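Encoded as structure tokens, the structure appears first; notes follow it.
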2 protein chains.
Amino acid sequence: MTRIDDVARLAGVSTATVSRALRGLPTVSADTRRRVLAAAEQLQYAVSPSASRLAGGRTGSVAVVVPRITRWFFGVVVEAVEEFLNEAGYDLLLHNLGGRERNRQRVLGTTALHKRVDAIMLVATPLHDAEVSALATLGLPGITISSGTAVPSWPCVRIDDVAAARTATRHLLDLGHRRIAHISGDPDDELAFTAHLDRRRGYQAELRAAGLRPDPGLDVESGFDIDGGTRATEELLRRGDPPTAIFAACDEMAMGALTALRDAGLRVPQDVSVIGIDNHALSGVLGLSTIAQPAAEQGRLAAKMLLDPLAGGNGGTGSQHSAPVILPTRLVVRHSTAPVRAH
Amino acid sequence: MTRIDDVARLAGVSTATVSRALRGLPTVSADTRRRVLAAAEQLQYAVSPSASRLAGGRTGSVAVVVPRITRWFFGVVVEAVEEFLNEAGYDLLLHNLGGRERNRQRVLGTTALHKRVDAIMLVATPLHDAEVSALATLGLPGITISSGTAVPSWPCVRIDDVAAARTATRHLLDLGHRRIAHISGDPDDELAFTAHLDRRRGYQAELRAAGLRPDPGLDVESGFDIDGGTRATEELLRRGDPPTAIFAACDEMAMGALTALRDAGLRVPQDVSVIGIDNHALSGVLGLSTIAQPAAEQGRLAAKMLLDPLAGGNGGTGSQHSAPVILPTRLVVRHSTAPVRAH
DNA sequence: CTGAAAGCGCTTACAG
DNA sequence: CTGAAAGCGCTTACAG
């Protein structure tokens, strides 16, 4: 492996000058820079990240923490973030909590983060108080996407979950539905995404605005995924007197609902309307009506907000961005929602 | 930030002993180890990865390269690999090629890998000759999953794509279909996953085994995703005299086919049967028949095969595993395939 | 089983 | 604009 002094020797300069030239620092003459670049090129030199990090105090890495990379929203966010980080020359350290408590402790207890990254991005990861203070102790810049828990001084990018849920509920009300069920994530799940709490709030608010009283019998909690949607819907059907419409807290739950309804012999949308939130890549295939949210844009924007201060010279200090940045959502009507049938 | 000498001072030993005790080396007395661990705990000490890497020559990181993390197979593989690596104490450096040529060059030209990782995992990433030799020059252990291009001395985990395709085609033949179309990935796409070449080969072989001649008019190439499946199917229908069955090279393409058929007013499976390969998380929801492949198992097994030699002391040398490890697939019949209708 | 010392390969004041 | 030298925080022979 060629080292910096090999390049220095070939270019006829000191290692300090090589270091400066390669990093594009302004205090190098054009001619010297040219010679250094040529020498580095000729020797196929690549800087040793470990040495550079140790000497320079920057790791060039960003930790990205997601609950489950296999779910639509997180996959899309990570893809967008990865693109942005790579363009900016940062490595992406992926942490997929995956419901494993041990993993959660390693990451959020910061053992896995300590001295390893320059910044942290938390996607839909609610935190205990102890975790918030452990993260704060690291003293690193960070950002959250779609977070229930705010980390002091970290900005947040998200959608307005209450508004999205209200729009979905309103769409069903506009179609004449009155028995509108809601299925959402399990609040007892330690690793639960908290957006569903806001979504339930929006659902209830919109019902009340229409003069209806939310019926606890039509509100079921389960896992925030396909299987959870299936189980929640089965539970709903077991209770008798099924709803004419179901608002699922995310598209994957809505897809599970579709399965359960089909298996129960109910037709969508003739017997039951279904709507979700996300605009999952497969929602079109399934004809699922939904509230579309811009997942890639949230990832890109959050990555940019995280990195811009790092480049700016100050180490990401400052209590900028106190209010969350809210990205817009929009109703997408497909074939899973229709006017309620006359009884 | 506390450093190793803070711990050494508190424990009353040298930094060398702290280093050994913390890494669990056997040459430390039980009593000393206890004192060191207590001191480290008390001071909340975490080793500096940069310093450790520079001094020790190990990075504790593994690069994982995938074409697109948002596709089902890659998401599931990465999730399984991440779990395994984290348990083993390795960081996962994610590289999502995402169809960006610049990114491909950075990663596979090894600029992004050089001196950064202890090992490399390539998932479904075919390589140019120059890339193979650039990777070989790094001298790192590596492994491929589902790779078309073999890297000399790197083992490979995969399914038997030819056999999977034959099974899918046979299922359609058994149902009486004779006009069986195939839709698969675009070979002109530089970043294309090459498994589809084997899948086409299996499709053709099975047709021939049944005494049929593969009809080029029933064989369409497109993107290896939902949208590609839609476009390929539209093209197929434009050609007139539609097939009675479609074998898609992956479930996401099959899902695209489902959309195109529905939009064309054709019913599945009454008018056209559809089968894919994968057993995507949503295949059940869509009632899609498929050849299930064990994605998480491939990831786990590959991670294990990659890391075991690293732990074993030798640096992953040796030309073990010359033959690819093949994991089994199985036919899953749902509702998208049915006997051909009498004409 | 333990320690003193060299060294890993860079970057950064400091001086000129 | 450039260089000599210290230092980043560990690990690893080497010696005992």
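Proteins come first, then strands; the chains are lettered A, B, ... in the order of their sequence lines, and each starts at number 1. Predicted model, so just to flag it, every value in this text is computed and none were measured.
Here the P atom of nucleotide C:dC10 and the CG atom of A:Leu22 are 10 Å apart, to the nearest Å. In this structure, B:Leu25 atom CG and C:dG3 atom P are separated by 14 Å, rounded to whole Å. One atom, CZ of B:Arg33, and another, P of C:dC1, lie 9 Å apart when rounded to the nearest Å.
With respect to the salt-bridge test (charged N to carboxylate O, under 4.0 angstrom), the residues B:Glu131 and B:Arg104 qualify. A salt bridge between A:Asp91 and A:Arg53 is present, with a side-chain N of the basic residue lying under 4.0 Å from a carboxylate O of the acidic one.
B:Arg106 has its side chain within reach of A:Asn86: a pair of non-hydrogen atoms, C-beta onward, lies under 4.5 Å apart. Side-chain contact between A:Val157 and A:Pro324 is absent, with no heavy atoms from C-beta onward closer than 4.5 Å. Residues B:Leu92 and B:Leu94 have side chains in contact (heavy-atom distance under 4.5 Å, counting atoms from C-beta outward).
Side-chain N/O atoms of A:Arg23 include one lying less than 4.0 angstrom from OP1 or OP2 on C:dT12. Applying the 4.0 Å criterion to OP1 and OP2 of C:dA4, one finds that B:Ser14 has every side-chain N and O outside that range. Listed pair B:Thr15 / D:dT11 fails the phosphate criterion, with no side-chain N or O lying under 4.0 Å from OP1 or OP2. Residue A:Thr32 has a polar side-chain atom (N or O) positioned under 4.0 Å from OP1 or OP2 of D:dT2. Considering only side-chain N and O atoms, A:Thr17 lies under 4.0 angstrom from the phosphate OP1 or OP2 of D:dG3. In this structure, B:Arg53 does not reach the D:dC10 phosphate: none of its side-chain N or O atoms is under 4.0 Å from OP1 or OP2. Contact between the side-chain N/O atoms of A:Ser19 and the OP1/OP2 oxygens of C:dC10 is not found at any separation under 4.0 Å.
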N/O contacts under 3.5 Å, protein versus nucleotides 13-16 of chain D?
residue : atom : partner : partner atom : Å
D:dA13  : N6   : B:Arg20 : NH2          : 3.0

Any N/O pairs under 3.5 Å between the protein and nucleotides 7-9 of chain D? List them or say none.
residue : atom : partner : partner atom : Å
D:dC8   : O2   : A:Ala55 : N            : 3.4
D:dG9   : OP2  : B:Arg3  : NH1          : 3.4
D:dG9   : N2   : B:Ala51 : O            : 3.4

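Backbone-only contact: B:Ser29 has heavy atoms under 4.0 Å from sugar-phosphate atoms and none from a base. Nucleic acid contact for A:Pro26: sugar-phosphate only, since backbone atoms but no base atoms lie under 4.0 Å from a heavy atom of the residue.
Residues B:Asn96 and B:Arg68 have side chains that never bring a donor and an acceptor to within less than 3.5 angstrom of each other. A donor atom on one side chain and an acceptor atom on the other are not found under 3.5 Å apart for B:Asp5 and B:Thr15. Under the 3.5 Å distance criterion, with hydrogens and angles disregarded, no donor-acceptor pair is assigned to the side chains of A:Arg33 and A:Ser29.
Within the model, atoms CD of A:Gln298 and CD1 of A:Ile143 stand 10.5 Å from one another, a figure rounded to the nearest 0.5 Å.
Searching all strands for a Watson-Crick or G-U wobble partner of D:dC1 with both distances below 3.5 Å returns C:dG16.
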